[in-house]
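Structure first, commentary second.
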Amino acid sequence: MLRFRNLLICIAFAVHVGSAFAADPAKVLRYVFPAAETGFDPAVVHDLYSSPVLRSIYEPLFTYDYLARPAKLVPLTAAAMPEVSDKGKTYTIRIRKGIYFAADPAFNGKRRELTAADYSYAIKRLMDPRIRSAWSWLVEGKIIGLDALAKLARKTGTFDYDARIAGLELLDRYTLRIRLNSPDFNLTHILAHYPASGIAREAVEKYGDANGQVMANPVGTGPYRLASWKRGSRIVLEANPGFRGFIWNFQAGSDPEDKKIVAAMKGKLMPQIGRVEISVIPEDQSRWLAFRNGEADLFNLDGPLAPRALEKGRLRPELADKGITLSRIVEPELSQYYFNMQNPVLGGLTKEKIALRRAIAMAHNVQEEIDIVWSGQAIQLQYPIPPGIVGHDPHYLSSVRYDPALANALLDRFGYRKNREGWRTMPDGKLLTIVFSVRADSTGQQQAEMWKKTFDSIGIRMESDKRPFPELLKAEKQCQLMMRTSPWIADYPDGDNFMQLFYGPNTGQSNNGCMKIPEFDRLYEQSQKLPAGKKRDLLYHRMTRLLEVYAPTRIGYARYRNMLAQPHVIGYKKHPIMHHEWVYIDIDMKR
C-alpha cells in the first residue's frame, strides 16, 4: 500500500499537460505579509516573507506532499527520488524532460528547457564569494571540489562556473551526479530547499547578480512569475502561461479535514489561481481589518490578534458561521534570544561574561512573554529542536529556569555592582548597557517592553533599537546587533536545521549570535556524519547542555500559526515547510 501511495504522489507531480493553462485570471488571491520582503534571488534571500514568492517562481528538484504529515519529500522537477550509492556519498538525479523556463528577454525569443546544468550552476552560486550567499552552509565542505573552486575564486576574484569538479557531474543533459566528501543524510532535503532551485545562467548574466538586479528579475520554471513589485509594499504574481501544470491527486491523511480537501480538489489541473496579490502590512490591527473587510483571503492570525478570532484554540462561532476556516499548527520554529558572542560587552567565554549571559537568561520570564506578547499563542521550548521535527525530544528539561533572585546573586558574585542610581556596572566600573534590537512595529515594541522589565529586574540599563525587518537581517548577518529575539522556521524537517544555528563556521549566515564554542563545533561535526537516531540524539543532548552552560542564547518558544481563510478559498491546509500553498488551492467564484 505504501508503494502504491508513493506512486500516486509521483503521478500528481509527474503528469505533463502540455500547453494546457487552467489558471483563471479572474481568480485573484489576496495575501498579507507582516514584514517586508528582501527580494527574489534564491542564492541571496534568507527571510520568511520572500520565501513563498521564490518557491512560486523557481523550482527545486524535490518538494513536499501537500497533505502528508509529517512532511514527506516527493519529486518535483526530478523524474524520481535520487539513486543513492557509495554508502551515501553519491546521489544520481534524473530530471524530467520538457520543463521550460518562463519566457524572458534573456532567452532571445527561444524556449529554454530546464537541464541538469541549471542545478549544478545554482549549487555553485551558493559558494561564489562575490554573491556572499547566506546559504553557503548548505553545501560548504560537502561536495567534492566545490570548496577548492570557491577558494580559488577568492584568490582570483572570479568564480569559474565552467570548471569541472568531481562533485558535480553532468552525465547527460538531464542527469546530475553529486559526489560528497562524506555521507550527508539531509542532502535530499537541501535539494528541496529554494536556494538549490534551478536557475538559468543566461538570466543571471543578463540582469547581473553583482548589482542585485536578479533580485528584481526572477526567471524560473515555476507556476508563477513576478508581474510587479513595489519594494516593502506590494508584490503581484501572475500564473506562468508556459508552466506544464499538474493534476491535483494527493491522498488524505489522518486529519478528518483532508477528506473534504480531497473531495473538493481531486482531479483539478493546477494551478487554478491566476493572480496572487501580496500586501505588506506591518501593523496587526490593519491586517486584521483587511481580513475582516474581505480585502485579504488568507491571513496569519498572529498572537496579539488571536483573542479576536480564537477561543481555546478554536475559531469563534461568529466567524465559523460566516464560513471562515482555521488551519492551525505549531510552527516548526525556534525563537531564541541570542547574545552576540563577538560583542565586547556580552561576548566571550570568560567566567564573568558567561555569568552575565546566564543571569540575563534566568531573569527572563518566557511564559509571561508568550502570554502577553503572543496572547498565549506559542509553546515554551526546553530543547532547540521544536515539535514536529526529527530529533525533537519532548522529555528534555532545560537546566535554565526563571529565577531573577539567583540572577541578581550571580551578577553580584562576578562583580557587576550597582551604582548610586541602581544600575549595574561592568567589573571595570563602566556603566553596563544592553541594546536590544526589535522590529519597528507593535509586536517589536511589546517585545522591547518585556525585555525592559527583565533588565530592570536585575538592574541592567537597556536601550531599544527599532529597525525595519530587512535592516535587522542585514545587520544581524554582519554581527552588528547586540541582542535580539531571532525566529528560525524550518527549512527542512530535521534537527540538523536547528543545531546548525549555533555552529561557528555558520557565522554570517545562519549563526545569528555569531558564537564559536570549539566543543560544540566538534560535536556538531560528529552529528553530521550520523543518520537520525539515538546516537545522533545523544550528541544533540550534549550540544544543548553546552548552550545552557555557556549561555550564548536563551531557548524561547515556538509559535502557533493560525491561518484564517475566507469562505471562497478551497482546499487550503497550512503546510509545515512550504509557504506557497496557493499553488495547491482554488477559489470558488460562485461564493
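Starting from 1, each residue takes its place in the sequence as its number. As a basis for the values below, the full set of heavy atoms in this structure was taken, side chains included, without hydrogen atoms, waters or symmetry mates.
- Residues Tyr66 and Glu581 bring no donor and acceptor atom of their side chains to less than 3.5 Å of each other.
- The environment of CZ in Arg164 is sparse: at most 12 heavy-atom neighbours from other residues, nucleotides or ligands sit within 6.0 Å.
- Thr553 and Gln336 share a side-chain donor-acceptor pair at under 3.5 Å.
- His575 places no side-chain N or O within 3.5 Å of a backbone atom of Ala68 that could act as its donor or acceptor partner.
- Checked against salt bridge (Lys or Arg N to Asp or Glu O under 4.0 Å), Arg484 has the following partners two or more places apart in sequence or in another chain: Glu476.
- Side-chain contact between Pro487 and Arg559: present, with at least one pair of heavy atoms (C-beta onward) separated by less than 4.5 Å.
- Looking at every heavy atom in both residues, Ala490 comes nearest to Ile389 through CB-CD1, 3.9 Å.
- Using a 4.5 Å heavy-atom threshold, the side chains of Met270 and Met265 count as touching.
- Of all heavy-atom pairs between Ala26 and Met589, the closest is O-CE, 3.5 Å.
- Of the possible donor and acceptor atoms, one in the side chain of Arg287 sits under 3.5 Å from a partner among the backbone N and O of Ile281.
- Here Gln272 contributes atom CD and Asp586 contributes atom CG; the two are 4.5 Å apart, rounded to the nearest 0.5 Å.
- Just one of Phe40, Tyr492, Trp135, Tyr58 meets the ring pair (Phe, Tyr, Trp, His ring centres under 6.0 Å) condition when paired with Tyr194; it is Trp135.
- Within the 4.5 Å cutoff, the side chain of Arg69 has heavy atoms near those of the Pro576 side chain.
- Counting heavy atoms from C-beta outward, Phe101 and Leu114 have side chains that approach closer than 4.5 Å.
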task: Assess whether side chain to side chain donor-acceptor pair (under 3.5 Å) is satisfied between Asp128 and Tyr161, documenting all intermediate values.
output: CA-CA 9 Å; Asp128 187 339; Tyr161 284 97; 2.7 Å; yes

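- Side chains of Lys87 and Pro183 form no contact here, defined as non-hydrogen atoms less than 4.5 Å apart.
- Between Asp118 and the options Lys124, Arg112, Arg201, a salt bridge (charged side-chain N to carboxylate O under 4.0 Å, His left out) holds for only Arg112.
- Tyr584 pairs in a ring pair (Phe, Tyr, Trp, His ring centres under 6.0 Å) with only one of the listed residues (Phe250, Trp248, Tyr572), which is Phe250.
- Here the CZ-OG1 distance, from Arg439 to Thr485, works out to 11.0 Å after rounding to the nearest 0.5 Å.
- In this structure the side chain of Asp521 reaches within 4.5 angstrom of the side chain of Pro505, judged on heavy atoms.
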message: Set out, in order, the CA-CA distance, both residues' side-chain angles and the distance that settles side-chain contact (heavy atoms from CB on, under 4.5 Å) for Tyr224 and Asn240, then state yes or no.
response: CA-CA 5 Å; Tyr224 291 91; Asn240 173 11; 5.7 Å; no

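- The minimum heavy-atom distance linking Val390 with Ala532 is given by the pair CG1-CB, 3.6 Å.
- In this view, Arg94 and Glu83 satisfy the salt bridge (Lys or Arg N to Asp or Glu O under 4.0 Å) rule, not counting sequence neighbours.
- Residue Leu48 holds its CG atom at 7.0 Å from CZ of Phe469, rounded to the nearest 0.5 Å.
- Checked by atom type, the side-chain pair Asn181/Lys89 shows no donor-acceptor distance below 3.5 Å.
- Side chain of Asp297 to backbone of Arg30: a donor-acceptor contact under 3.5 angstrom is found.
- Scanning both residues, Ile144 and Ile165, for their nearest heavy atoms gives O-CD1, 3.8 Å.
- In this pair, Phe33 and Tyr49 present their aromatic rings tilted. The plane angle is within the 30 to 60° band.
- Proximity of a side-chain donor or acceptor of Ser50 to a complementary backbone N or O of Thr38 within less than 3.5 Å is detected.
- With rounding to the nearest 0.5 Å, the separation of CG in Leu73 from CE in Met81 is 5.0 Å.
- Annotation for Leu149 and Asp160: closest pair CD2-O, 3.8 Å, computed over non-hydrogen atoms.
- At distances below 3.5 Å, not a single donor-acceptor pair connects side-chain atoms of Lys27 with backbone N or O atoms of Ala23.
- In this structure, Tyr503 and Glu525 have side chains that are in contact, with non-hydrogen atoms separated by less than 4.5 Å.
- Salt-bridge annotation for Arg244 and Glu59: present, with a side-chain N of the basic residue lying under 4.0 Å from a carboxylate O of the acidic one.
- A salt bridge links Arg234 with Glu277: the distance from a Lys NZ or Arg NE/NH1/NH2 to an Asp or Glu carboxylate oxygen falls below 4.0 Å.
- Remark: Asp104 engages no residue in a salt bridge (Lys or Arg N to Asp or Glu O under 4.0 Å) (not counting sequence neighbours).
- Taking OG1 of Thr158 as the reference point, atom CG of Leu152 lies at 9.5 Å (rounded to 0.5 Å).
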- request: I would like to know whether Ile95 and Thr115 meet side-chain contact (heavy atoms from CB on, under 4.5 Å); could you show each step before the answer?
  value: CA-CA 7 Å; Ile95 297 167; Thr115 69; over 6 Å; no

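- Using a distance-only test at 3.5 Å, with no hydrogens or angles considered, no donor-acceptor pair links the side chain of Ser120 to the main chain of Ala117.
- Side-chain atoms of Leu501 and Asn512, non-hydrogen and from C-beta on, never get closer than 4.5 Å to each other.
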- request: Determine, stepwise, if the pair Ile489 / His579 fulfils side-chain contact (heavy atoms from CB on, under 4.5 Å).
  value: CA-CA 11 Å; Ile489 297 176; His579 305 291; 4.1 Å; yes

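- At a cut-off of 3.5 Å, with distance as the only test, a side-chain donor of Arg177 or Thr92 sits close to an acceptor on the other residue.
- Without hydrogens or angle criteria, Gln509 side chain to Ser136 main chain gives a donor-acceptor distance under 3.5 Å.
- Here the CG atom belonging to Leu237 is positioned 5.0 Å from the CD1 atom belonging to Ile278, to the nearest 0.5 angstrom.
- No donor-acceptor pair under 3.5 Å is formed between the side chain of Asn506 and the backbone N or O of Asn511.
- Of all heavy-atom pairs between Pro82 and Thr188, the closest is CG-OG1, 3.7 Å.
- Ion pairing between Glu333 and Arg561 fails under the 4.0 Å rule for side-chain N and carboxylate O.
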message: Walk me through whether Glu113 and Arg173 qualify under side-chain contact (heavy atoms from CB on, under 4.5 Å).
response: CA-CA 10 Å; Glu113 189 179 18; Arg173 183 175 173 84; 3.4 Å; yes

